[in-house]
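In what follows, a structure is listed as structure tokens, so that the remarks can point back to it.
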Amino acid sequence: MSDEFFSELKSASPIQDYLQYLHDKFKSINDGEVASYIPELATADPNWFGISIVTMDGHLYEVGDTRIPFTIQSISKPFVYGLALEDHGRTDVLNKIGVEPSGEAFNSISLRPETGQPFNPMINAGAIAATGLVEGHTPDLQFQRILDLFHHYTGHPVEVDERVYQSESSTGHRNRAIAYMLRNFDIIQDDPSPILENYFKQCSISVTGNDLAVIAGTLANAGINPLNGRRAIRSEYVENVLSIMGTCGMYDYAGEWIYRVGMPAKSGVAGGIVAVLPGQLGIGIYSPPLDPKGNSVRGIQTCHQLSMDFNLHMFNVPHSTQSVIRTSYWGSELGSDRVRPLEERLYLKKSASKILVYELQGDLNFSTAEIVVRKINESFKSFEFLVINLKRILHIDESACKLFLSLYLRMKGMNKTLIFSESSQHRLLQRIFKANMNDSFPTKLFIDSHAAALEVCENTLLLGHSGQYGGIREQVLAKHEFLADLSPDEMSIVEAMMKPQSFEKDQEIVAAGSIADEIFLLTSGTVTVCISLPDGRLNRLASFSAGVTFGELAMGGANKRSASVYADTEVECFTLSLEDLDQLEKDHPAIQCKLLRNVLRLTTNRLESANRSIGALL
Ligand code: DON
């Protein structure tokens, strides 16, 4: 971008400043002539010049004459062509109108000699034919559908500039000749006059430069108006409209336009230009003076500079600033947040390497999903469980969903388990899987919590190992690490201090902030540790299986509970009061020393596990 731009920064928005820079740079261009072959068009002020840009989330940037009404003229053509496609489908429309650039002027009286078919829908012949394809029982009803179409594209009702319409209808002899040529070749099969009048009216629809940006932005946004989220054209036809704009939209300047600017575009003899950067921007420019090819002189210069300065050429594919694979790791490197008894941890330390996790980010389309699937296939023999975390995925398109479906079907055939975690917002993925599996996909294919998805894999491994999980056979107290190294007599002394307790499913066992005056030894069921977020939601930190001790930091002097603990299931446990544990120091100091050493070991293990988790994510 030229340095002079940066010297002109005036507002908080660099985009707004840049548009002002463009406007200042090109407003003094005096080349070109205001169209006069339609007499009413000659009333336009040659100094009018407005630039408008709309983003995909509906933000409008504008500078200059962006709200002055003028007639849309040929800019209407690709959009009416899209309506004809919706009414008749590609095949029938292709039988009437070609899609080849003609390299000729917009008003050339040129049809394919053998069939009379217009070369494309952007030259007047093809556009008149397209207008004739718009469905409706009467010409008025057909035209009302065209008005409705531009209502959807602009986001507001539109109307015909009657003065321009009358001016064009009374002087449009060349177009009348073209219409009768089309009748002659049966491209138009009825009286061409009503169709021609509808074409003149469609060209006389009144718009502004801002409207053009919204219209372009709607195409850039896959057919959905970025201002109001309403669909203006079925997404399947957007690519056809854009490709016609890309190859034929600027008539015999189309080649140089795509070469220098690189965006599907359409110009109009009143001085409008729309340019579309798919998925990114809609651009609308209005300035009446035209070059000999019928395109706005300032509009062409502005689009060329904009494309050059911001590398907007559609073939200048932005490098993905980040890999779609955020991180990948094995379950033995980073497991669920379930705190498990030693015996389970030791087993999973070996076996959890059968769990492979991919955390993805950004957009999943064919090329990015292909990378993911290819990487997964490189480890295909090494895993039994695959968890794909979609938390940071912004969008998954249909091709990516189909690639994942093919991966799932291959895995299913080899008894491997696929789970998508944090996937609740990706409805298309779930729909495509359901549609291809007669609604019978496994309940655990989509699990919203990533930790829960990992737990499912771990518990399945433990089930396969011991026939049970959530404590390999309900841990008896002797296996609690908190009680490690106690002799049978010492164990008896400690057991005598314990109180049995039980809790119902979902019951709160410990409340955050409450006094930490007892330790819990879980003997059956599972519990979850949570903290309350500022907005009142509970955030899960970890879950504990039977055989695990919790609340032991009370022995280290933690006098308030730092988190709440809830029963996930019916829970049985024993508690040891801090008072009794303190009494041990007098009565049985050796026992207390062992218990404190065990608490230190427990805390160290959990810290090491947390460090491993952090390491696996770096
Ligand atoms: O049919 C015509 O001649 C006009 N209504 C539209 C021509 C036009 O906008 C050509 N585009 N640059």
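Atoms within each ligand, like the ligands themselves, are counted from 1 in listed order.
Here N175 has side-chain heavy atoms under 4.0 Å from ligand 1, and that is the only part of it that gets that close. Here N124 has side-chain heavy atoms under 4.0 Å from ligand 1, and that is the only part of it that gets that close. When non-hydrogen atoms are compared, ligand 1 lies under 4.0 Å from the side chain of E168 (C-beta onward) but not from its backbone. When non-hydrogen atoms are compared, ligand 1 lies under 4.0 Å from neither the backbone nor the side chain of F200. Of all the heavy atoms of S74, the ones lying under 4.0 Å from any atom of ligand 1 are found in both the backbone and the side chain.
Distances shorter than 4.0 angstrom occur between a heavy atom of Y199 and an atom of ligand 1.
In this structure, E370 pairs ionically with R374, as a charged nitrogen and a carboxylate oxygen lie closer than 4.0 Å. A salt bridge links R145 to D87: one of the charged nitrogens lies within less than 4.0 Å of a carboxylate oxygen. Electrostatic pairing of E359 and K391 does not count as a salt bridge here, judged by no charged N lying under 4.0 Å from a carboxylate O.
Ligand 1 has no nitrogen or oxygen under 3.5 angstrom from a nitrogen or oxygen of I38.
Taking a cut-off of under 4.0 Å to the non-hydrogen atoms of Y37, the atoms of ligand 1 that pass are 2 (C), 3 (O), 4 (C), 6 (C), 7 (C). Residue C203 approaches ligand 1 through these ligand atoms, each under 4.0 Å from one of its heavy atoms: 5 (N). Residue G294 has at least one heavy-atom neighbour below 4.0 Å for each of these atoms of ligand 1: 12 (N). Residue-ligand proximity, Q73 to ligand 1, at heavy-atom distances under 4.0 Å covers atoms 4 (C), 5 (N), 6 (C), 9 (O).
Residue pairs meeting the salt bridge (charged side-chain N to carboxylate O under 4.0 Å, His left out) criterion with at least one partner in residues 221-232, sequence neighbours excluded, do not occur; the list is empty.
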Determine, step by step, whether T208 and D211 satisfy the side chain to side chain contact (heavy atoms under 4.5 Å, CB included) criterion, reporting the C-alpha distance in whole Å, the side-chain angles of both residues, the deciding distance to 0.1 Å, and the verdict.
CA-CA 5 Å; T208 66; D211 286 335; 3.3 Å; yes
Full working for side chain to side chain contact (heavy atoms under 4.5 Å, CB included) between D31 and D291
CA-CA 8 Å; D31 301 338; D291 63 22; over 6 Å; no
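Geometric assessment of K201 against the ring of F143 yields a positive cation-pi assignment under the 6.0 Å and 45° thresholds.
The shortest distance between side-chain heavy atoms of E422 and N389 falls below 4.5 Å.
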